Every structure is written in structure tokens, then in C-alpha cells.
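For clarity, every value in this text was computed on a predicted model and none was experimentally measured.
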Amino acid sequence: MREASNRQQWLDRYTKVAALAHKRKLSNFGARILKKVDNCTGSLRARSKKQGVLCTITLEEMREMVYVGYGTPCPYCDRILTVANFVIDHRIPMSKGGESTPENLQMICRTSNGVKGSLSEEHFKTLTTWLDTQPEEL
């Protein structure tokens, strides 16, 4: 019973924040984003276990991270983060020992995540800063 009430509270919160980011009907939005957050959390736990890294983020912390980041610009490319394009990224990748903790996770867009790959946040920012100094035709 408590989870159902908690889930409804999150549905209400997400719908309010989505109304600011979207200009279309939001009938299935809350259920869609909750499902995505639940799936991200489960996938993160499974991948962390497989990689042998610590995973301490809770479902509530993941929901809060998505709530706070929803509708904001991607930190790397300024695309607005929506249910269709956001992913949860490790600042220090799991392949380099990065843990699945709230401090090491961030919301970014799928495109930036694909470009970032297994680079750390620091190395990726260094690369993008350098790329910005190169001629457009490169």
C-alpha cells in the first residue's frame, strides 16, 4: 500500500515538471517516466553487480535525480532532457572502477552518452573543449 501511495506522489510530481518541458498531452507521461526510472535502476544494479562495482543508489534517489534533471539542458550539449532522450551516466565509468552511487551518476542525453563512451567526465570535457578550438571543417 505504501509503495502505491509513493508511486502516485511521484506520478504527480513528474507530471508537473513535464508540463513545463512539454507542450503536448501528458496522459501517459507519468507512467512512462516511472517505468523508465524503474528500468534504469534495475539495469544499473545488474550491470554494477556484473562489473563488480558498488551500487548504493536507491530507487527514491534515482527518482529524485530524474525529477530534478528533467527538462533541463544536458550538461554537455544543451539538449533538453526528456523521457525520450535521457540516460543515466557514470561520471567515472564502471569500466574504470566508477561506482553506481548518487555522487557518480548524472542525467545526460543519449547522444552525449554515445559520444562520451568510456571517457571520464573530466576527460570528456577536456576533449570537447579542445574540439571547440578546432576548425569547423574538421
Side-chain angles (χ1 to χ4, degrees):
M1 181 70 168
R2 184 171 184 265
E3 175 56 24
S5 171
N6 188 22
R7 192 169 180 80
Q8 186 58 50
Q9 288 175 337
W10 280 107
L11 281 169
D12 295 343
R13 288 181 76 191
Y14 283 140
T15 301
K16 286 177 187 171
V17 76
L20 301 173
H22 300 285
K23 300 198 183 343
R24 58 189 155 98
K25 191 175 175 188
L26 300 173
S27 60
N28 291 329
F29 174 80
R32 184 173 172 207
I33 196 165
L34 275 177
K35 182 177 180 181
K36 184 167 182 175
V37 172
D38 291 353
N39 289 343
C40 284
T41 305
S43 173
L44 191 61
R45 287 181 181 145
R47 289 177 39 232
S48 297
K49 184 176 180 180
K50 184 176 181 180
Q51 291 280 334
V53 299
L54 181 67
C55 181
T56 61
I57 193 157
T58 66
L59 180 59
E60 286 296 305
E61 288 170 324
M62 185 72 81
R63 286 175 175 170
E64 185 66 29
M65 179 190 312
V66 171
Y67 175 75
V68 169
Y70 197 86
T72 65
C74 172
Y76 300 120
C77 70
D78 294 332
R79 280 186 186 88
I80 299 300
L81 297 172
T82 67
V83 70
N85 74 0
F86 85 81
V87 295
I88 303 299
D89 174 64
H90 287 80
R91 288 182 168 98
I92 301 171
M94 283 195 287
S95 62
K96 296 190 173 35
E99 299 175 335
S100 298
T101 60
E103 302 78 28
N104 193 42
L105 296 172
Q106 63 181 340
M107 266 180 76
I108 66 174
C109 77
R110 181 175 279 113
T111 303
S112 291
N113 185 254
V115 175
K116 181 177 175 275
S118 63
L119 293 174
S120 69
E121 180 178 39
E122 177 185 351
H123 289 154
F124 186 59
K125 284 183 177 180
T126 300
L127 175 63
T128 56
T129 300
W130 177 79
L131 285 172
D132 287 342
T133 67
Q134 301 308 301
E136 182 103 8
E137 60 272 5
L138 289 180

Report task. Kindly give the heavy-atom pair with the smallest separation between Leu11 and Ala31, and that separation in Å. Result -> CD2-N, 3.3 Å
**Report entry** Side-chain heavy-atom pair Met65, Ile88 within 4.5 angstrom cut-off
**Finding:** yes
Query raised in the report: Would a 4.5 Å heavy-atom cut-off, applied to side chains only, mark Asn6 and Arg63 as touching?
Result: yes
Query raised in the report: Nearest 0.5 Å, what's the CG-CD distance between Leu59 and Glu61?
Result: 10.0 Å
Query raised in the report: According to a 4.5 Å side-chain heavy-atom criterion applied to Ile, Leu, Val, Met, Phe, Trp and Tyr, with indirect links allowed, do Trp10 and Val68 form part of one hydrophobic cluster?
Result: yes
Query - Straight-line distance of Tyr67 OH to Lys16 NZ, nearest 0.5 Å - result: 7.5 Å
Query raised in the report: Checking Arg91 side chain against Glu103 main chain: does a donor-acceptor pair fall under 3.5 Å?
Result: yes
Requested in this report: Locate the shortest heavy-atom distance separating Ile108 from Cys74; write the atom from each residue and the value.
Outcome: CB-SG, 3.9 Å
Report task. Using a cut-off of 6.0 Å, state whether more than 12 heavy atoms not belonging to Glu122 lie near its atom CD. Result -> no
Report summary line: Separation between CD1 (Ile57) and CD (Glu99), nearest 0.5 Å, reads 12.5 Å
Query raised in the report: Counting only N and O atoms by type, is there a donor-acceptor contact under 3.5 Å from the side chain of Ser112 to the main-chain atoms of Cys109?
Result: no
Query - Any side-chain heavy-atom pair of Leu44 and Leu105 under 4.5 Å - result: yes
Query raised in the report: Do Val53 and His90 touch side chain to side chain, with heavy atoms closer than 4.5 Å?
Result: no
Report task. Please test Cys55 against Lys49 for side-chain contact (heavy atoms from CB on, under 4.5 Å), starting from the C-alpha separation and ending with a verdict. Result -> CA-CA 8 Å; Cys55 181; Lys49 184 176 180 180; over 6 Å; no
Report summary line: For Gln106 and Pro75 the tightest heavy-atom approach is OE1-CG, 4.1 Å
Query raised in the report: Quick one: are Arg45 and Ser100 in side-chain contact, heavy atoms under 4.5 Å?
Result: no
Query raised in the report: What's the spacing between His123 NE2 and Thr126 OG1 if we round to 0.5 Å?
Result: 6.5 Å
Query raised in the report: Just wondering, do Val83 and Tyr14 contact through their side chains at under 4.5 Å, heavy atoms?
Result: no
Query raised in the report: Is there a donor-acceptor pair under 3.5 Å between the side chain of Lys96 and the backbone N or O of Ser120?
Result: no
Query raised in the report: Would a hydrophobic clustering, with Ile, Leu, Val, Met, Phe, Trp and Tyr connected at side-chain separations under 4.5 Å, put Ile33 with Val87?
Result: no
Query raised in the report: Using the ring of each side chain (for Trp, its six-membered ring), is Phe86 parallel, tilted or perpendicular to Tyr70, with breaks at 30° and 60°?
Result: perpendicular
Query - Reported OH-to-CD distance for the pair Tyr76 and Glu121, which is rounded to 0.5 angstrom - result: 4.0 Å
Query raised in the report: Quick check: does any side chain N or O of Asn104 sit under 3.5 Å from a backbone N or O of Ile92, one acting as donor and the other as acceptor?
Result: yes
Query raised in the report: Is there a donor-acceptor pair under 3.5 Å between the side chain of Thr133 and the backbone N or O of Trp130?
Result: yes
Requested in this report: Return the minimal non-hydrogen interatomic distance between Lys35 and Arg7, and the atom names on each side.
Outcome: N-NH2, 4.4 Å
Query raised in the report: Taking atom OG1 of Thr128 and atom NZ of Lys116, what is their separation to the nearest 0.5 Å?
Result: 11.0 Å
Report task. Mark yes or no for whether Asn85, through its side chain, and Thr82, through its backbone, hold a donor-acceptor pair below 3.5 Å. Result -> yes
